[in-house]
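In what follows, a single structure is set out as structure tokens and then discussed.
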Amino acid sequence: MIDHSLTFTMIQLPAYIFLIAQVFTLIKTDPLIGERIFSVDYRQCPFVVSLRLKYIEGILAYRHFCTGTVITQRHVLTAAHCFNNRTKDNIVVYLVGYNRTEPYATRYEIDSWLTYDSWARANGKTIKFFTNDVAIIKLSLSVNRDSITPVRLTNLNNKQLYGTKAIIIGWLGLSYNPPANYLMQGKVTILTPSKSDHLVKLVANLKYDIKDNVLATYAEPYILPNNGDSGGPLLDKNNFLLGVTRGTTPNITWGDFSEEFLNLYKINIHSSVHYYREFIENVTTLAEDNKIPILCRKSMP
């Protein structure tokens, strides 16, 4: 699997091109807005945030690199790989509360963060899967309740979600210059493990097992996360949080060409909120009760 620190690439393509393109056509994905991709309404997702690097090569930039979701007045849920080789002192969280970053964004410093793996080791939990791509950010200050409403977590398990519709949220254009600074949404279907395996076999003739800690999604025309969408929310129609966007799979190599030429045919992978619910609730509850200092203050190893 490839997990990219992924602004949405929303591409339409007739289904019959699916197999032909694998043999004859190279398609490079540039940021587009498809017929079935829509702007997020003004206050539809007040809990979606932009994670930004303060400095790039020593220059003050505030460059978007990942997405996150406010889950309490002090915590943001995102993908763990967003912090690879990064320190908290070079990251700020842009809390928006609306469907665009300007002029509504407020910058929050990061107090600390904690990955699932670090939490599991500290609490004597068995780490069942090699990749656990979720992390919780603790903000330096609490968010104003009047401006930002935390998302609600789903009570449904993965099996109850198979075959249902969901919504991927992503920032359009934040990784590009000039940035577009507004949220987009696309409707996808949550796949059963057998359907996920079938689609991966069509693309790469590989077997792919959907584990308990992930949800897979797919849409026709294709809806795929791209640069900057990692850590963003997968929501149901009532804005309950179902998953955290990790990236896409499978990783395809084709001669001398980069895999970006083939990413139209991948499925989307999201960390399952249901699987990681104990981690989420334990970390946020302990932090709010100030019982123990639980969040890491260093970059990930």
Rounding to 0.5 Å, atoms CZ (Arg107) and OH (Tyr62) come to a distance of 4.0 Å
Take Phe83 and Thr78, measure what side-chain contact (heavy atoms from CB on, under 4.5 Å) needs, and give me the verdict at the end.
CA-CA 10 Å; Phe83 299 105; Thr78 189; 3.6 Å; yes
When rounded to the nearest 0.5 Å, the distance separating OG of Ser140 from CD1 of Ile110 is 9.0 Å
Scanning both residues in full, the closest heavy-atom pair of Ser230 with Ala79 reads C-CB, 4.4 Å
Taken in chain and number order and not counting sequence neighbours, the residues that satisfy salt bridge (charged side-chain N to carboxylate O under 4.0 Å, His left out) with Asp197 are Lys201, Lys207
CG (Leu141) and CG (Leu139) are apart, to the nearest 0.5 Å, by 8.0 Å
Note, Leu95 side chain near Val70 side chain (heavy atom, < 4.5 Å): yes
Gly231 and Thr69 have their tightest heavy-atom pair at O-OG1, 4.3 Å
Taking the side chain as every heavy atom from C-beta outward, state whether Lys125 and Phe279 have any atom pair closer than 4.5 Å. no
Arg52 and Ser50: side-chain donor and acceptor closer than 3.5 Å? yes
- prompt: Looking at side-chain heavy atoms only, is the closest gap between Val283 and Tyr116 below 4.5 Å?
  reply: no
- Item | Flag side-chain contact, heavy atom, 4.5 Å: Phe240 against Leu235 | no
OG (Ser142) and CD (Gln73) are apart, to the nearest 0.5 Å, by 7.0 Å
In terms of heavy-atom contacts, Leu191 and Lys195 come closest through CD2-CG, 3.6 Å
Please check if the side chain of Thr131 supplies one atom and the backbone of Asp133 the other of a donor-acceptor pair under 3.5 Å. no
Asp41 side chain to Gln44 backbone, donor-acceptor under 3.5 Å: no
Worked verdict on Ile137 versus Leu51 for side-chain contact (heavy atoms from CB on, under 4.5 Å) = CA-CA 10 Å; Ile137 297 169; Leu51 305 186; 3.9 Å; yes
Sorted by chain and residue number, the salt bridge (charged side-chain N to carboxylate O under 4.0 Å, His left out) partners of Lys159 (sequence neighbours excluded) come out as none
The side chain to side chain contact (heavy atoms under 4.5 Å, CB included) partners of Thr189 (sequence neighbours excluded) come to Lys165
Check: Do the side chains of Ile148 and Asn144 get nearer than 4.5 Å, heavy atoms only?
Finding: no
Rounding to 0.5 Å, atoms CD1 (Ile136) and OG (Ser118) come to a distance of 11.5 Å
Applying side chain to side chain contact (heavy atoms under 4.5 Å, CB included) to Ile167 and not counting sequence neighbours gives Ile169, Gln185
dist Leu53:CG -> Asn90:CG (nearest 0.5 Å) comes out at 5.5 Å
Between Glu278 and Trp119, is there a side-chain heavy-atom distance shorter than 4.5 Å?
yes
Across all chains, not counting sequence neighbours, the side chain to side chain donor-acceptor pair (under 3.5 Å) partners of Asn158 are Ser272
For Arg277, the salt bridge (charged side-chain N to carboxylate O under 4.0 Å, His left out) test, sequence neighbours excluded, returns Glu281
Shortest non-hydrogen pair, Phe65 vs Arg86, comes out as CD1-NH1, 3.0 Å
Do side-chain atoms of Asp236 reach the backbone of Asn238 as a donor and acceptor pair under 3.5 angstrom? yes
With sequence neighbours left out, the residues meeting ring-ring contact (aromatic ring centres under 6.0 Å, His included) with Phe47 are none
Asn239 and Cys45 have their tightest heavy-atom pair at OD1-SG, 4.5 Å
All heavy atoms of Thr67 vs all of Pro233, minimum pair found to be CG2-CD, 4.3 Å
Query - In one Ile/Leu/Val/Met/Phe/Trp/Tyr side-chain cluster, 4.5 Å: Ile267, Leu202 - result: yes
Contacts of Tyr162 meeting ring-ring contact (aromatic ring centres under 6.0 Å, His included) (sequence neighbours excluded), chain-then-number -> none
Indicate yes or no for a side-chain donor-acceptor contact from Ser196 to the backbone of Thr192 under 3.5 Å, with no hydrogens or angles considered. yes
Practice prompt. Would you indicate whether the side-chain heavy atoms of Val203 and Pro250 approach each other to under 4.5 Å?
Written response: yes
message = Membership question, hydrophobic clusters at under 4.5 Å side-chain separation (ILVMFWY): are Ile127 and Trp113 in the same one?
response = no
Exercise. List the steps, then state whether side-chain contact (heavy atoms from CB on, under 4.5 Å) holds for Asn157 with His274.
Key: CA-CA 6 Å; Asn157 62 42; His274 177 264; 3.4 Å; yes
For Thr164, the side chain to side chain contact (heavy atoms under 4.5 Å, CB included) test, sequence neighbours excluded, returns Leu161, Ile190
Across all chains, not counting sequence neighbours, the side chain to side chain donor-acceptor pair (under 3.5 Å) partners of Thr217 are Asn268, His270
Measure the shortest side-chain to side-chain distance between Ile269 and Thr248 over non-hydrogen atoms and say whether it is less than 4.5 angstrom. no
Check: Any Lys/Arg nitrogen of Glu109 or Lys54 sitting under 4.0 Å from an Asp/Glu carboxylate oxygen of the other?
Finding: yes
With sequence neighbours left out, the residues meeting ring-ring contact (aromatic ring centres under 6.0 Å, His included) with Phe129 are Tyr275
Residue set satisfying salt bridge (charged side-chain N to carboxylate O under 4.0 Å, His left out) with Asp212, at least two apart, ordered chain then number -> Lys128
Does Leu241 form a side-chain contact (heavy atoms from CB on, under 4.5 Å) with Thr154? I'd like the steps, not just the answer. CA-CA 6 Å; Leu241 185 63; Thr154 183; over 6 Å; no
